[in-house]
Protein chains: 2
Amino acid sequence: MTLRITIADVAKKAEVSKSTVSQFLNGRFEYMGIKTRTRIEKAIKELDYQPNVVARSLKKKTTSTIGIIVANILHEFSTQVIRAIENVCHKNGISTIICNADDNPEKERIYIETLLAKQVDGLIVVPIRRNSDIYEKLVDENFPIVFLDRLVEGLPIDTVLLDNETASRIAVNHLIENGYERISIVTTSIIENITPRVERINGYKKALESNGLPIHLDYIKAMDITQLGEGINEIFSLREPPDAIISGNDLTLMEILKYTFENNIEIGKDVGLITIDEVSFSQIHNPPLTTVAQPTFQMGKETATILLNKINNKVDNQHSFIHRYKPTLIVRNSTQKEGVTNE
Amino acid sequence: MTLRITIADVAKKAEVSKSTVSQFLNGRFEYMGIKTRTRIEKAIKELDYQPNVVARSLKKKTTSTIGIIVANILHEFSTQVIRAIENVCHKNGISTIICNADDNPEKERIYIETLLAKQVDGLIVVPIRRNSDIYEKLVDENFPIVFLDRLVEGLPIDTVLLDNETASRIAVNHLIENGYERISIVTTSIIENITPRVERINGYKKALESNGLPIHLDYIKAMDITQLGEGINEIFSLREPPDAIISGNDLTLMEILKYTFENNIEIGKDVGLITIDEVSFSQIHNPPLTTVAQPTFQMGKETATILLNKINNKVDNQHSFIHRYKPTLIVRNSTQKEGVTNE
DNA sequence: CTGTTAGCGCCTTCAG
DNA sequence: CTGAAGGCGCTAACAG
């Protein structure tokens, strides 16, 4: 690779000093002679000069780059929210570096360190909750950071997330209204106290109670995705199996669908199914899937906006740290007992 | 944000010079006294020092970062291949910056420029074919770059892609073997001469010919995704509609499934369906979908490996520039006329 | 075995 | 209105 040309080359060609070129690059034309300006412009064009942002970053101590660390990129939620974040960042001339921690705290730690070493201006993370010490340090340093989807107690860090209890309540109520009575919920493991899972189960319990329905512990499955197939089998093997299932997220949904498919269980009729988190194929699935959708786009946008404001020191100190978003029920056929016809 | 500590602080604390610390950081312990070494180690721990990679990059003229530009992140192919690339990069201590050009040449150009300004060490791109001038310049500069999925003629740039004609041939043959005769193919627009689409259509034609079947132009739909719904409708409105469809990719698949669902067309029985590119829900779809899968993981791995070798100047000049991969047929029920039972 | 020195490419006072 | 000088944090000879 041939050596890149620098500001010095431009200066020489335009017969001005480096600093004048620098001023030009930074849009400070105020006191610049029009002829100087055009000479520089011409030189840049002819040499096809591209500023070196690494050098600029070193000097300015800001990189116009933020890091995004998601716990698990396999969730559609992650990719959707990332796209929304990128959108607003891009509009503001900010680049993003995306990292997938794979639900591994060690990996998360390494990513945080790497990103800090890269001098990112801020961080958005779906935290795995384990690296509290690091987060605390960042807070102490007043480093711009925003959490997404998951709460970490005791840390004054802005967090954008779903109103998960409401999501469950919507799901339960909808199922009851449609004649289902024995409602089960299936989520991934809660041993790490992951916010959405815990809250969705809590919301589920509360909703059952307020409908005067009993809470049946056998109907609650929260386990690692690799064992969930077995867990689902247990539910359906109960003396009195549920007549409806709430799927905690898109990954659990796949396991449920796999099971019902393999066992010829007819969704809607044999068992009602509603899933939290919209999925790409919900409309073309047979039957189409009723979902409780998160406003992922809005949430991503809000998260990015909060972070950018922090970076620019435009923080309103009045605000609370927790930003909850309301889910939306999208009714389709998987919660209709009488296989509704299309439209 | 408090000011970060630098190599100078460590040097002072450890009572050595900056260069000694630098040597330590770069693992050149060879001539270093063991006591010096431990003193430095201690200082780093105590100060919680993190090297500034921006400064290092400026000096070393290498950033240990590569850029990935995909034409359209909505394809599952993109995300899968990105994950494979990240995998091998991560193992080699290389970071990745992912950009989605959204099938927009202008956006692609800006991303290339931004990434170069960021001094990335190399580029992997799914090219939109329009910015040939930029690519040529990069080639002239001997800048490390690898293309993925799409060919750009006349440029000596390594390209990793599917053997698309074979993919179509496999699809056609499989359909014929299963008793289908009037085979249609549906892809996104080919006005830009996008390699996979063009090749898949060519392969389709050739396969029909070698099976002694006529090529029916009405059965070939290649149009923008936004109009594809209409195109599909046209196919099914023909006097003699096809009895099987080859879907060109995952996005076209969604359109097809939407149409068949809305029109109560039974897949397998009313119309056979096979899609090129594996999709997440192929197994749990009803009926499960027969696909022609790309070895995305391998392809991503190969792409990254080629690029890293280029970056490290370990290039074998003997190689050809085009690396073709064989697709795999995954037979499921969407190509079975007699609704096969599970298992 | 360790320190001195001289930049990497850019930005930013501060003189002129 | 423009230029000279210093330095961001780190690395890499080259002395010692």
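Each chain gets a letter, A, B and so on, in the order its sequence line appears, and its residues count up from 1. All values derive from a computational prediction rather than experimental measurement. Side chains included, hydrogens not; waters and symmetry mates left out as well; all remaining heavy atoms used.
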- Query: Under 3.5 Å, is there a donor-acceptor pair linking the side chains of Ser17(B) and Thr20(B)?
  - Reply: yes

- Query: Are any of the side-chain nitrogens in Arg83(B) or Glu86(B) under 4.0 Å away from the carboxylate oxygens of its partner?
  - Reply: no

- Lys301(A) atom NZ, neighbour heavy-atom count above 12 within 6.0 Å: no

- Task: Report yes if at least one side-chain N or O of Thr20(B) is closer than 4.0 Å to OP1 or OP2 of dT2(C); otherwise report no.
- Result: no

- Under a 4.0 Å N-O cut-off, is there an ion pair linking Glu41(B) with Lys45(B)? no

- May I have the distance from Arg37(B) (atom CZ) to dT2(C) (atom P), rounded to whole angstrom? 12 Å

- Measure up the Tyr111(B) and His90(A) rings against each other and bin them: parallel (under 30°), tilted (30 to 60°), perpendicular (over 60°). tilted

- Query: Would you say the side chain of Gln294(A) lies within less than 4.5 Å of the side chain of Leu162(A), judging by non-hydrogen atoms?
  - Reply: yes

- Task: Give every residue pair that meets the salt bridge (charged side-chain N to carboxylate O under 4.0 Å, His left out) criterion with at least one member in residues 6-18 of chain A, sequence neighbours excluded.
- Result: Lys13(A)-Glu46(A)

- Task: For Arg130(A), look at atom CZ and say whether over 12 heavy atoms of other residues, nucleotides or ligands are found less than 6.0 Å away.
- Result: no

- When the distance from NZ of Lys12(B) to P of dG3(C) is rounded to whole Å, what number comes out? 15 Å

Collect all protein-nucleotide pairs involving nucleotides 8-11 of chain C in which both atoms are nitrogen or oxygen and the distance is under 3.5 Å.
unit_1, atom_1, unit_2, atom_2, d
dG9(C), OP1, Lys61(B), NZ, 3.0
dC10(C), OP1, Tyr49(A), OH, 2.6
dC10(C), OP1, Asn52(A), N, 3.0
dC10(C), OP2, Ile7(A), N, 2.5
dC10(C), N4, Lys18(A), NZ, 3.3
dC11(C), OP1, Arg56(A), NE, 2.6
dC11(C), OP1, Arg56(A), NH2, 3.2
dC11(C), OP2, Ser22(A), OG, 3.1

- Query: Rounded to whole angstroms, how far apart are CZ on Arg39(A) and C1' on dT2(D)?
  - Reply: 11 Å

- Axis bend over the full length of the helix from dC1(C)-dG16(D) to dG16(C)-dC1(D), computed from five pairs that close each end, to 10 degrees: 40°

- Give the rounded distance in Å between these two atoms: CD1 of Ile34(B) and P of dC1(C). 10 Å

